[in-house]
Every structure is written in C-alpha cells, then in structure tokens.
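The sequence lines fix the lettering, A, B, ..., with proteins before strands; numbering per chain opens at 1.
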Amino acid sequence: MASLPSSPMSAADPLAILSARFVAAIRAAFPDLNGEIDPLVTVNKNAALGDFQSNAAMGLSKRIGKPPREIAQAIVAKLELSDIAEPFNDKSIAGPGFINITLKSAALAASLVALDTPGLGVEQVADATIVVDVCGVNLAKQAHIGHLRSIVIGDALARTFERQGIRVIRQNHVGDWGLPIAMVTGKLMAEQAAGRLNPATLTLDRLEKLYKRAQQECERDLAGLEAVKKFGLGPKALAEVEEQVHGATEAFTHARQTLVRLQSQDPATIAVWKAIYDCTMSDVLAVCKRLHANVTNEATAGESSYADELGPLVDDLVNRKIAEESDGALVVFVQGTRTGEDGQPIREACLVRKSDGGYLYATTDLAAIRRRVQKLGAGRVVYAVDARQAQHFDQVFKAATRAGYATILTGKDSGAVARMDHAAFGTVLGKDGKPFKTRSGESVKLNDVIEEAVQKALAEVASRNTEMPASQQREIAEVLGVAALKYADLSNDRVKDYVFDFDRMVAFEGNTGPYLLNALVRIKSIFRKASEKGVDTNWKGALFAPNAPQEKTLALALLRYPGVIEQVADTLEPHRMCGYLYDVASAFASFYEACPVLKDDVSASTRDARLRLCDLTGRILSDGLVTLGIPPLERM
RNA sequence: GCGCGGGUAGCUCAGCUGGAUAGAGCAUCGGAUUUCUAAUCCGACGGUCGUGGGUUCGACUCCCACCCCGCGCGCCA
C-alpha cells in the first residue's frame with residue numbers, strides 16, 4: 001500500500017518520492033492493471049550502479065504476462081524524474097529488469113534540507129500509549145547479568161517510542177511477593193529476633209545470603225526423599241533423608257505462615273518486608289541509573305501491587321466460565337503452539353490458581369495486562385523478558401484476550417484488542433559459549449560488570465590523554481564504559497544468545513559504542529576548531545553540496561534515519577539502529593578522510609556545505625545514541 | 001515425544017516485504033599521518049550460507065524432510 005506522505009520529511013524523502021513516481025509510471029504504462037502496486041523502491045545495493053533501485057518489473061512480469069525487461073522499458077518510458085534524477089542511460093535497466101536511479105546532487109541537497117529540522121524528520125505518532133515491561137528484578141537479590149538485557153533493551157525500546165511522541169509508561173514488574181519472598185522475610189525476622197541482625201545496617205549482599213539460605217532450608221532434599229522411596233535404598237537412608245526433609249517441611253511451614261501474615265498486612269511482618277524492599281530497590285535503581293536506564297521508583301509496579309486483585313480476578317474468570325477446574329487447580333485453556341499425535345493443536349492449560357488456593361505468575365500477569373490496557377490506557381504492551389518465557393507469554397496473551405482483559409475500553413481504538421508483544425531476548429554467554437558466570441559458578445553482579453567495562457575504558461582514556469586530569473578521565477571512562485557495555489548488548493540481534501567479551505566491546509574498531517562516540521567526538525572537535533579559527537556560523541543556512549562520493553554516501557545514509565526509528569519501533573529490534581548508526585559513522589569516517597572541511601585550501605562555500613553536513617551527521621548520531629539510551633560525549 | 005529459537009569467513013556478528021558479485025569487525029598480510037583527534041582510513045586474503053529436496057525468471061531469505069546446538073513443556077517465578 002503506498003501511503004501518502006504526510007510529514008514534512010516524507011514529502012522530501014527520496015524513497016517516498018520515487019515510490020510515488022514509480023506507482024504513477026506503472027499505472028500509466030499498464031492502465032489495465034488493477035489491484036495494489038508495490039514499486040519496490042530501495043536504496044541501491046550497489047552504489048556504483050545508482051542511488052536507488054526499483055525491483056517492480058520482475059514482480060509484475062507474471063501479472064502482466066510479459067518479460068520483465070520489457071516491462072522495465074515500459075515503466076522507464078513513463079517515468080517522470082527529470083527534476084530529481086540523472087537522465088536514464090544504458091545501465092538504467094540491468095540484469096533481469098532492475099531499474100537504477102541516480103539522484104541529482106541538487107535533489108539530494110533538497111532532501112537534506114528537509115531532514116535538517118529539530119525533529120530530524122521522525123514522524124510523530126499522536127494519541128498513543130505504550131506500556132513497556134522492563135527490568136523485572138526480584139527482592140533480596142542483586143541485579144545481575146541476567147537483568148542487563150531487560151533493562152537495556154526495555155529502556156531502548158521505551159526511548160524509541162518516546163522519540164515518536166508516544167506516551168510511554170515503564171513498568172518494573174518486581175518479584176516482590178509470594179512464597180519465596182515470605183521465606184526471606186521470615187528468615188530475616190528470625191535473625192532479628194535472635195539479635196544477629198540490625199535492620200538499620202542491612203545490606204543487599206547480606207540479604208541475598210539470607211535468601212539463599214532460606215531457600216536451601218526449604219528445599220533441601222525433598223527430591224532426595226522421592227529418590228530414596230523410589231529406589232528403596234533401605235530404612236537407614238530413608239531415616240536420614242526424612243530427618244532432613246523434616247527440617248525442610250518445618251521451614252516451609254514457617255514460610256507459609258509468614259506469607260499469610262504478609263497477605264493479611266500484619267504490621268510487624270510488613271515492616272520487615274518493607275525493609276527488604278527498600279534495601280533491594282535502592283541498590284537496583286542505583287544500578288539502573290548508572291546504566292543511564294530510565295527505570296525509577298515511579299516505574300515500579302511489583303507483584304505485590306496486584307495482590308488484592310488476584311482473588312476477584314479469578315472469581316471473575318470462574319463466573320464467566322473462562323477458567324475451569326482441572327485436577328483441583330483452576331486453569332484457562334488456550335489453543336497452544338504444540339500439536340498432539342493427531343496433528344491437532346493441544347489445548348494448553350494456563351494455570352491461574354493452584355489446588356492449594358495459591359496464585360501463580362500467570363495470574364499476576366493477567367492482572368497486569370488488565371491494569372495496563374484498561375486502567376493505564378495502553379494500546380500496546382511490550383515485554384522485554386527472557387526468551388525462555390515465550391510459551392508463558394503466548395498463553396497469557398491468549399488467556400487475556402479470551403478474558404477480555406486486553407480489550408481497549410476508551411479512545412479511537414475502543415473495542416479493539418491491544419497489541420501484546422514479547423520482545424524476547426537470548427542469553428548472555430561467556431567466551432566458552434556457556435551462560436556467563438563467575439569462576440565459582442555464581443551469576444555476575446551487574447555493578448561488577450559495569451565497573452570492569454569502565455576500568456577497561458579508563459585504561460584507554462588515560463593512555464591516550466596523559467595530560468588530562470584524573471577526575472576528567474574517570475568521568476569520560478564512566479560514559480564510555482557504560483556505552484560500550486550497552487551497545488554490545490543492543491547491537492546483537494535481540495532473540496539470539498550472544499558472547500560477552502569485554503575486550504571486544506571497549507574496542508574502538510568495528511561496530512562498537514566507542515567507535516560511534518569517537519565519530520561524534522570528531523565532529524564536535526571540528527566545530528571547536530572552527531570556532532577557534534573564527535569561522536562564522538553562516539554554514540547553518542549553507543547549501544548542501546553532496547558532490548564527492550563520500551559526501552553522497554553519507555547523505556544517503558542520513559536520509560534513512562526516520563525510517564530506521566520506525567523499523568525499530570515496529571520490530572522491537574534495537575540492533576537495527578546500531579547497524580544504521582555504524583553505517584553513518586563509517587560513512588562519516590570515510591568522508592572525514594577524503595573531504596577536508598577547515599583546511600586553508602577549502603573554499604568558503606564548500607567549507608560551509610561540509611560544516612552543515614557534519615552538523616547534521618552529529619545530530620543524527622547523537623539523537624540515535626540517545627534513543628538507544630547512550631549519552632553522547634564532547635571529547636574522549 | 002511435542003513445541004520455540006538458533007546453525008552465514010579461523011573468531012564475533014550483520015544480511016531489511018525473495019533480487020544483481022553474500023557483507024562488516026577482529027585475526028593475518030600490505031599501504032597511508034608535518035592530522036579538522038591515527039581511538040582513524042585504504043587495500044589484500046578468507047565462505048559448498050548445517051544437509052538434501054521443492055517453489056520461483058531469481059532462494060541465506062519461502063515450503064518440506066533430516067542432522068546438530070540451546071531452551072521450554074499445568075500446580076516455581
């Protein structure tokens with residue numbers, strides 16, 4: 001469908017103009033053709049052959065019943081491009097029927113002028129709200145490497161939507177409720193009662209140790225008991241294991257009692273829970289802040305905030321016969337992705353209440369969808385969550401749709417079902433190809449990861465700026481290290497696992513954060529130099545003159561920016577932005593080598609045209625990085 | 001068993017609704033600097049795109065089968 005160009009940018013976007021012209025030419029050449037016409041205009045893959053190309057002729061071949069080259073001839077005969085493109089020549093139609101277009105320099109310049117606005121041509125979406133599920137840490141646990149991707153990718157997606165003018169509500173779905181939290185709360189109360197712990201000086205590190213111990217006490221050898229009974233290892237083994245299990249059962253009972261007190265808002269229990277909450281979140285939010293991820297207290301909506309809604313929600317599901325009983329539990333049956341022996345899809349059970357009356361994470365997620373769509377007004381909900389939860393979300397999305405909880409209640413889309421997307425991400429791997437862990441097998445703390453990246457960056461900064469004050473080196477290294485870390489995560493295809501390598505991410509070559517920041521810093525440096533040399537600011541209104549091949553390549557890259565933002569928002573794939581920015585930075589590096597800006601033998605008009613091109617490049621690099629959640633740098 | 005994701009150069013990764021000779025970076029080798037910051041640029045070398053079929057004018061891309069790796073599969077989250 002050829003949508004009409006609406007924004008100021010798309011009116012001058014070569015892709016949009018060419019698409020419209022091609023559609024017109026095709027209609028003129030083949031008036032009998034009805035139905036949709038896709039002009040298939042793209043940036044030319046082979047720069048030597050032209051700037052843009054249309055592949056429409058091949059596709060139309062079957063519909064029209066003529067050889068594609070003949071169709072291409074007919075299209076070209078009707079194509080009116082003399083105002084913006086170079087005249088056709090014998091290379092304009094090539095291969096099976098590619099139509100190559102080379103833009104006139106003036107047309108390219110006009111497009112750049114249209115792009116060169118404060119908004120950089122990014123189309124604004126009116127009247128939309130998107131909820132982004134981001135971060136998702138658990139109480140009493142450090143933010144670790146497993147949370148990196150949710151924080152970084154979730155924030156980048158949120159920023160991309162915000163860049164489109166969409167109202168974004170971040171939701172940190174903290175695991176702050178349920179039996180595991182009751183375990184540690186009970187454990188903490190016991191420690192406190194025994195005088196072994198002062199709540200005022202509680203640290204997350206200490207808390208995490210208590211959590212692990214509580215968990216072990218509850219879980220120890222329940223599996224072993226099963227095994228002993230199954231294999232009949234004799235009364236002595238059975239007695240030993242049973243004694244262990246007795247301890248576990250005791251701990252479990254204690255945790256259950258604590259959970260009941262939590263749920264009934266017992267003040268003493270809640271007070272301890274709150275201490276755990278505050279201790280965890282102050283640490284976690286500090287890590288988010290250090291990562292320049294916009295995850296704050298306002299964005300925090302933990303599982304506990306749904307506690308009161310779960311009972312009524314399940315009642316509602318039962319009353320409307322959406323949930324039914326199955327082996328003592330309550331489930332919502334959904335059409336799953338799996339198939340049975342007969343090849344028919346299996347009805348999958350999405351559990352919303354256990355046989356003991358407890359609720360599950362699917363219950364909370366259903367409540368969350370309902371709140372996000374029907375209370376917060378989201379037309380789209382995006383989950384930046386580990387790919388291993390794909391089946392869970394598939395079920396929950398279907399159950400929510402069936403229950404009507406995803407139905408939009410107000411506004412222009414009232415009655416429609418909100419779009420629900422699981423932006424699934426793969427695992428962070430070590431160099432050995434296995435999940436990234438410390439030597440002792442523990443998960444790596446996020447703060448340690450950040451610190452190591454910053455230290456690596458600091459070593460580079462210090463060695464290259466020996467005269468710079470240490471405080472400034474440290475300041476730059478902090479930005480650079482965090483940029484390197486985030487960019488390494490964002491630049492890989494989201495759904496794939498990726499290998500984590502400090503040395504590669506802080507490298508200044510290749511598709512890395514430092515390389516992009518370096519391009520930006522070089523541009524800033526040009527303008528500092530210009531100012532030193534007393535060059536006036538007339539360049540701001542200068543005519544673009546993309547004549548050198550390097551200038552042309554750079555200009556064509558810059559024009560793609562608005563489209564890339566849209567692509568990222570649609571596919572939820574920030575690595576497209578990374579790849580794009582790397583293209584821009586590479587194109588700029590080649591330009592920088594080949595096209596002097598401030599050298600004495602450069603004419604004033606060329607200098608000003610190039611300064612304006614540098615400025616536009618810098619603003620797009622900067623805007624793109626900021627949209628990814630990476631702050632720009634002045635010097636490095 | 002069923003399902004989901006993945007398999008592209010020695011390594012790490014791109015490859016947009018099917019399009020021209022499958023691209024980067026690293027590594028290896030060879031060039032460029034009295035610098036608008038060389039934290040760079042230019043070039044060379046390097047690939048049966050897991051395997052085998054199919055659809056198509058054209059397949060890394062779509063379909064089918066199989067192999068290998070990872071992950072998931074009702075009362076944990």
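- Pairing for B:rU40 is with B:rA32, a Watson-Crick or G-U wobble pair whose two hydrogen-bonding atom distances lie under 3.5 Å.
- At a threshold of 4.0 angstrom between heavy atoms, the contacts of A:His575 are confined to the sugar-phosphate backbone, with no base atom among them.
- Among the heavy atoms of the strands lying under 4.0 Å from A:Arg522 are primed sugar atoms or P, OP1, OP2 only; no base atom is included.
- The gap from the P atom of B:rA27 to that of B:rA39 amounts to 15 Å, rounded to the nearest Å.
- Here the nucleotide nearest the side chain of A:Tyr361, chosen from B:rC36, B:rA20, B:rA77, is B:rA77.
- Across all strands, A:Ala589 comes closer than 4.0 Å only to sugar-phosphate atoms, never to a base (heavy-atom distances).
- A:Phe508 does not qualify as a stacking partner of the B:rA39 base, lacking a centre-to-centre distance under 5.5 Å together with planes within 30°.
- Residue order along RNA chain B, read from the 5' end via each residue's closest nucleotide, puts A:Lys62 first among A:Val331 and A:Lys62.
- Rounded to an integer number of Å, the gap from CG of A:Asp497 to P of B:rG5 is 14 Å.
- For A:Asp365 and B:rC76, the CG to P distance is 16 Å, given to the nearest whole Å.
- Base engagement by A:Cys595 is indicated by at least one non-hydrogen atom pair under 4.0 Å involving a base atom.
- The side chain of A:Arg504 places no N or O atom within less than 4.0 Å of a non-bridging phosphate oxygen (OP1 or OP2) of B:rU12.
- In textbook terms, a nucleotide whose glycosidic angle is within 90° of 0 is syn, while B:rG72, being further out, is anti.
- Here A:Val597 lies in heavy-atom contact (under 4.0 Å) with a base.
- Salt bridge A:Arg388/A:Asp386: present, at least one basic N to carboxylate O contact under 4.0 Å.
- Spacing between B:rA59 and B:rU51 at atom C1', rounded to whole Å, works out to 16 Å.
- Note on A:Leu351: a base of the nucleic acid sits closer than 4.0 angstrom, heavy atoms only.
- Note on A:Glu532 versus A:Arg528: no salt bridge recorded, every NZ/NE/NH1/NH2 to OD/OE distance being 4.0 Å or above.
- Here B:rC36 is the nucleotide among B:rU17, B:rA77, B:rC36 with the atom lying nearest to any side-chain atom of A:Pro596.
- Listed candidates were B:rG19, B:rC75, B:rC42. Nearest to the side chain of A:Gln53 is B:rG19.
- The nucleotide whose nearest atom lies closest to any side-chain atom of A:Arg576 is, among B:rU37, B:rC16, B:rC42, B:rC16.
- Here A:Phe98 lies parallel enough and close enough to stack on the base of B:rA20, with planes under 30° and ring centres under 5.5 Å apart.
- For the pair A:Glu634 and A:Lys524, the salt-bridge criterion is met [side-chain N within less than 4.0 Å of a carboxylate O].
- For the pair A:Asp600 and A:Lys533, the salt-bridge criterion is met [side-chain N within less than 4.0 Å of a carboxylate O].
- At a threshold of 4.0 angstrom between heavy atoms, the contacts of A:Asp493 are confined to the sugar-phosphate backbone, with no base atom among them.
- Between the base of B:rC75 and the side chain of A:Ser355 there is a donor-acceptor pair shorter than 3.5 Å.
- Distance from the side chain of A:Thr42 is smallest to B:rU17 among B:rA39, B:rU17, B:rC57.
- If you check every strand for non-hydrogen atoms under 4.0 Å, A:Ala94 touches a base.
- Across all strands shown, B:rC26 forms a Watson-Crick or G-U wobble pair, both distances under 3.5 Å, with B:rG10.
- Within 4.0 Å of A:Tyr498, counting heavy atoms only, lie sugar-phosphate atoms of the nucleic acid but no base atom.
- The residues A:Arg474 and A:Glu478 are annotated as salt-bridged, a charged nitrogen and a carboxylate oxygen being separated by less than 4.0 angstrom.
- In this structure a side-chain-to-backbone donor-acceptor pair under 3.5 Å is present from A:Ser586 to A:Tyr582.
- The interatomic distance linking A:Arg494 (CZ) with B:rC16 (P) rounds to 15 Å, in whole Å.
- The side chain of A:Lys354 sits closest to B:rC76 out of B:rU21, B:rC76, B:rC57.
- Partner assigned to B:rU51 is B:rA65, using Watson-Crick or G-U wobble distances below 3.5 angstrom.
- Spacing between B:rA65 and B:rG19 at atom C1', rounded to whole Å, works out to 27 Å.
- Nucleotides B:rU12 and B:rG70 are separated by 16 Å at their P atoms, to the nearest Å.
- In the set B:rG19, B:rA39, B:rC76, the nucleotide with an atom closest to the side chain of A:Asn465 is B:rA39.
- Of the charged side-chain nitrogens involved, none lies within less than 4.0 Å of a carboxylate oxygen, so that A:Lys398 and A:Glu348 do not count as a salt-bridged pair.
- Pairing for B:rC73 goes to B:rG1, judged as Watson-Crick or G-U wobble with the two contacts each under 3.5 Å.
- Between A:Asp386 atom CG and B:rC71 atom P there is a gap of 11 Å when expressed in whole angstrom units.
- Comparing the C1' positions of B:rC29 and B:rA20 gives a spacing of 31 Å, expressed to the nearest Å.
- Here the separation of B:rU8 from B:rC69, taken at their P atoms, is 15 Å to the nearest Å.
- Using a 4.0 Å heavy-atom distance criterion, A:Pro68 is classed as making no nucleic acid contact.
- Of the candidates B:rC26, B:rG19, B:rC75, the closest approach to any side-chain atom of A:Glu509 belongs to B:rC26.
- Between A:Lys45 and B:rC16, a side-chain N or O to OP1/OP2 separation shorter than 4.0 Å is absent.
- Across B:rA39, B:rU40, B:rC36, the shortest atom-to-atom separation from the side chain of A:Glu593 is found for B:rU40.
- Distance A:Leu429 CG to B:rG5 P: 18 Å, rounded to the nearest Å.
- Of the candidates B:rA77, B:rA24, B:rC36, the closest approach to any side-chain atom of A:Tyr582 belongs to B:rA24.
- Remark: B:rU17 base-pairs with no nucleotide; criterion is Watson-Crick or G-U wobble with both hydrogen-bond distances under 3.5 Å.
- A:Asn100 comes within 4.0 angstrom of a nucleotide base, judged by non-hydrogen atoms across all strands.
- Summarising the base pairing, B:rA59 is matched to no nucleotide, lacking a Watson-Crick or G-U wobble pair whose two defining distances lie under 3.5 Å.
- Comparing the same atom, C1', in B:rA14 and in B:rC26 gives a spacing of 15 Å after rounding to whole Å.
- Within the nucleic acid shown, A:Ser590 comes within 4.0 Å of sugar-phosphate atoms alone, with no base atom in reach, counting heavy atoms only.
- Applying side-chain contact (heavy atoms from CB on, under 4.5 Å) to A:Asp51 and the options A:Val43, A:Leu556, A:Asn44 leaves one that passes, A:Leu556.
- Here A:Leu179 lies out of heavy-atom contact (under 4.0 Å) with every strand.
- If you take atom P in B:rG30 and the same atom in B:rA22, they sit 28 Å apart, rounded to whole Å.
- Contacts of A:Ser586 with the nucleic acid, taken as non-hydrogen atoms under 4.0 Å apart, are absent.
- A:Tyr515 has a side-chain polar atom (N or O) that falls below the 4.0 Å cut-off from OP1 or OP2 of B:rC41.
- Taking the six-membered ring for Trp and thresholds of 30 and 60 degrees, A:Tyr306 and A:His173 have ring planes inclined between 30 and 60 degrees apart.
- Checking A:Asp394, A:Val385, A:Leu572 one by one against A:His422, the side-chain contact (heavy atoms from CB on, under 4.5 Å) holds for a single residue, A:Val385.
- Taking side-chain N and O atoms only, A:Lys496 has a distance below 4.0 Å to OP1 or OP2 of B:rA14.
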